[in-house]
**Student:** 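Quick one: the structure is below, questions incoming.
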Amino acid sequence: MADGRSSEAEFDAVISRAALYPVFQPVVDLSTGDTVGYEALIRGPSGTAFATPERLFRQGAKAGRLAELDWICRAAVCRAAIASCLPPHIPLFVNTEPAALRTPAPAQLAETFQAAARQLQVVVEISARSLAEDPAGLLAAISGVRESGLRVVLEDVGDDSALAMLPLLSPDVIKFDRAIVQDRTTPTVSAVVNAVLAEAERTGATVVAEGIESEQHLATARSMGATLGQGWFFGRPEPLPDELPAQGPELSRVPVGEAVRTPYEAAAAQRPVHRADRDTLYHLSRHLENQFPRLTEPPVLLAAFQQADRFDQPTRDRYAPLAERSALTAVFARDLADSLGDDISGIPLTDDDPLTREWTVIMLGAHFAGGLFATERDEGSYDYVLTYDRRLVVEAAQPLLRRMLPARPQTFW
């Protein structure tokens, strides 16, 4: 108990004194080896239990002060970059915790972030590892960063859990986890590389490789389609140098598609519409659901049931095992409870929401996409579109994702 209290006291002292300092690791152009940006990393006081960011943030989460810590770290990074006169043409990669974006910036830090918005090119890094804990929160965080006018980096992309979410998140920059660069070319590594390159081809996202520590790692990163990279091979984290790069990279800014009200509207505008009864739609939706066990990576499952009583117990029982191994499972309906168990997000719809007239099932994997989009015309009679076009399925999913976001957008500052 005493050790716990001393840790809390030491952490409190670190926070109250803002005894944190940033270091910066160069991000280089892999074709030239030139430094073109920096990633900011935080350090605690040397010689303390919180010298490393892992322990610092672990204690912050334990103490319920993760958001406060995150804001303080970001402010320290911005102050150091401004003091070093980092020019706006050089991107500054700044990490954030998605959960921290739900809390507004402390008033005493407002001036720092206002100055950063004017003087720096901040690029926001959000870890793909947060997908397992809170996929809906990650969506909200990315939306909030974009509301702030900043680019989004999805970092730590190194296993199959993030692959199906990539087209829904549409990051401007995708960072391979260091394990991908340093591992052998296994089927798992190849699945990640193929999915990332497919997403980069679809959207134009910039691909970055982390963990480059040797010539072999550099060759591997290039073979994976990365154009930028970082790692000890190029430089360890340290204060910004006196001489800063004269030129920065042209980072992508992935466009967000035009807003449509419902998935059916998106699909019907681009594909032939057919007529069917409820029983036919049930079997069509089961065909999509039955694809689930055949997918090797965790997929995304989104479904709209019009009203809660149609997401009945047999349907819940059918969805429960699917949700256990999905990257994200979300159900939308009128009068729906927002808690449907540990693995299913329930999104209640208002009575006037046009989605309450629609029946939607979306199955999106790393290498499979299918969507059933129907709207009720008469009692038990529907117009519908069934498509396996990945681009259209992703577009039609966007209205559902927007309904998962908070009414007040999260912002980076």
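In what follows, residues are counted from 1 in the order of the sequence shown. It should be emphasised that the depicted structure is a prediction, and the values quoted were computed from it without experimental measurement. What you see below is based on every heavy atom in this structure, not just the backbone, and it leaves out hydrogens, waters and symmetry mates.
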**Student:** Identify the two heavy atoms, one from Ala267 and one from Leu392, that lie closest to each other, and give their separation to 0.1 Å.
**Tutor:** CA-CD1, 4.1 Å

**Student:** Should the pair Arg74-Asp70 be classified as a salt bridge under the 4.0 Å nitrogen-to-oxygen rule?
**Tutor:** yes

**Student:** Does a side chain donor of either Gln182 or Gln216 reach within less than 3.5 Å of an acceptor in the other side chain?
**Tutor:** no

**Student:** Partners of Phe234 by ring pair (Phe, Tyr, Trp, His ring centres under 6.0 Å), sequence neighbours excluded?
**Tutor:**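 So Phe234 forms no ring pair (Phe, Tyr, Trp, His ring centres under 6.0 Å) with any residue.
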
**Student:** Please give me the minimum heavy-atom distance between Leu20 and Gly44, naming the atom from each residue.
**Tutor:** CD2-CA, 4.0 Å

**Student:** Are Phe332 and Gln306 close enough that some pair of their side-chain heavy atoms sits under 4.5 Å apart?
**Tutor:** no

**Student:** Is the shortest heavy-atom distance from the side chain of Ile362 to the side chain of Leu400 under 4.5 Å?
**Tutor:**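 Yes, their side chains come closer than 4.5 Å.
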
**Student:** May I ask you to test the Asn95-Leu41 pair for a side-chain heavy-atom distance under 4.5 Å?
**Tutor:**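 Yes, their side chains come closer than 4.5 Å.
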
**Student:** Checking side-chain polar atoms at under 3.5 Å, does Ser31 have a donor or acceptor matched by the opposite partner on Asp29?
**Tutor:**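 The criterion, which ignores hydrogens and geometry beyond distance, is satisfied for Asp29 and Ser31.
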
**Student:** Restricting to non-hydrogen atoms, name the atom on Gly346 and the atom on Pro348 that form the minimum distance, rounded to 0.1 Å.
**Tutor:**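 For Gly346 and Pro348, the tightest heavy-atom pair comes out as O-CD, 3.5 Å.
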
**Student:** Would you say the side chain of Leu281 lies within less than 4.5 Å of the side chain of Leu372, judging by non-hydrogen atoms?
**Tutor:**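 Side-chain contact under 4.5 Å: yes.
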
**Student:** Walk me through it: do Tyr384 and Phe373 pass the test ring pair (Phe, Tyr, Trp, His ring centres under 6.0 Å)?
**Tutor:** CA-CA 5 Å; Tyr384 78 92; Phe373 309 103; over 10 Å; no

**Student:** Given the rule in the side chain to side chain donor-acceptor pair (under 3.5 Å) test, do Tyr282 and Arg278 qualify, once you have shown the distances and angles that lead to the verdict?
**Tutor:** CA-CA 6 Å; Tyr282 169 79; Arg278 189 174 297 161; over 6 Å; no

**Student:** Answer yes or no: is there a side-chain heavy-atom contact under 4.5 Å between Phe305 and Thr360?
**Tutor:** no

**Student:** With side chains defined as the heavy atoms from C-beta onward, is the minimum distance between Gln230 and Phe93 less than 4.5 Å?
**Tutor:**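 They are not in contact (no side-chain heavy atoms under 4.5 Å apart), so the answer is no.
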
**Student:** Shortest non-hydrogen contact from Leu168 to Leu139?
**Tutor:** O-CD2, 4.4 Å

**Student:** What closest approach, in Å, do Ala80 and Leu240 show between heavy atoms, and which atom pair accounts for it?
**Tutor:**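 For Ala80 versus Leu240, the nearest heavy atoms are O-CD1, 4.4 Å.
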
**Student:** Using side chain to side chain contact (heavy atoms under 4.5 Å, CB included) as the criterion, point out the one residue from Ile72, Thr112, Val94, Val122 that pairs with Val77.
**Tutor:** Val94

**Student:** Strictly below 4.0 Å, N to O, side chains only: are Asp159 and Arg129 in salt-bridge contact?
**Tutor:**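 Result for this pair is no, no salt bridge flagged.
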
**Student:** Applying side-chain contact (heavy atoms from CB on, under 4.5 Å) to Glu376 and Glu358, what does each step give before you reach the verdict?
**Tutor:** CA-CA 6 Å; Glu376 191 168 19; Glu358 295 193 7; over 6 Å; no

**Student:** Answer with yes or no whether the side chains of Arg391 and Gln270 bring together a donor and an acceptor at under 3.5 Å.
**Tutor:**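 The answer is yes; a qualifying pair exists.
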
**Student:** Quick one, Lys175 and Leu228 - any side-chain contact, counting heavy atoms below 4.5 Å?
**Tutor:** no

**Student:** Go through the side-chain N and O atoms of Asp172 and Ser252 and say whether any donor and acceptor fall under 3.5 Å apart.
**Tutor:**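 Not at all, the side chains of Asp172 and Ser252 share no donor-acceptor pair under 3.5 Å.
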
**Student:** Could you check whether Phe311 and Tyr319 have their ring centres less than 6.0 Å apart?
**Tutor:**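 Yes: the rings meet the under 6.0 Å criterion.
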
**Student:** Measure the acute angle between the ring planes of Trp359 and Tyr382, then classify it against the limits of 30° and 60° as parallel, tilted or perpendicular.
**Tutor:** perpendicular

**Student:** Report yes if some heavy atom in the side chain of Ile126 is under 4.5 Å from a heavy atom in the side chain of Ser130; otherwise report no.
**Tutor:** yes

**Student:** Without hydrogens or angle criteria, can the side chains of Thr375 and Asp383 be said to hold a donor-acceptor pair below 3.5 Å?
**Tutor:**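 Looking only at side-chain atoms, Asp383 and Thr375 do not form any donor-acceptor pair under 3.5 Å.
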
**Student:** Between Asp389 and Arg271, is there a side-chain N and carboxylate O pair less than 4.0 Å apart?
**Tutor:** yes

**Student:** Which atoms form the tightest heavy-atom contact between Phe24 and Ala81, and what is the distance?
**Tutor:** CZ-N, 4.4 Å

**Student:** Salt bridge between Asp353 and Arg403, side-chain N to carboxylate O under 4.0 Å?
**Tutor:** yes

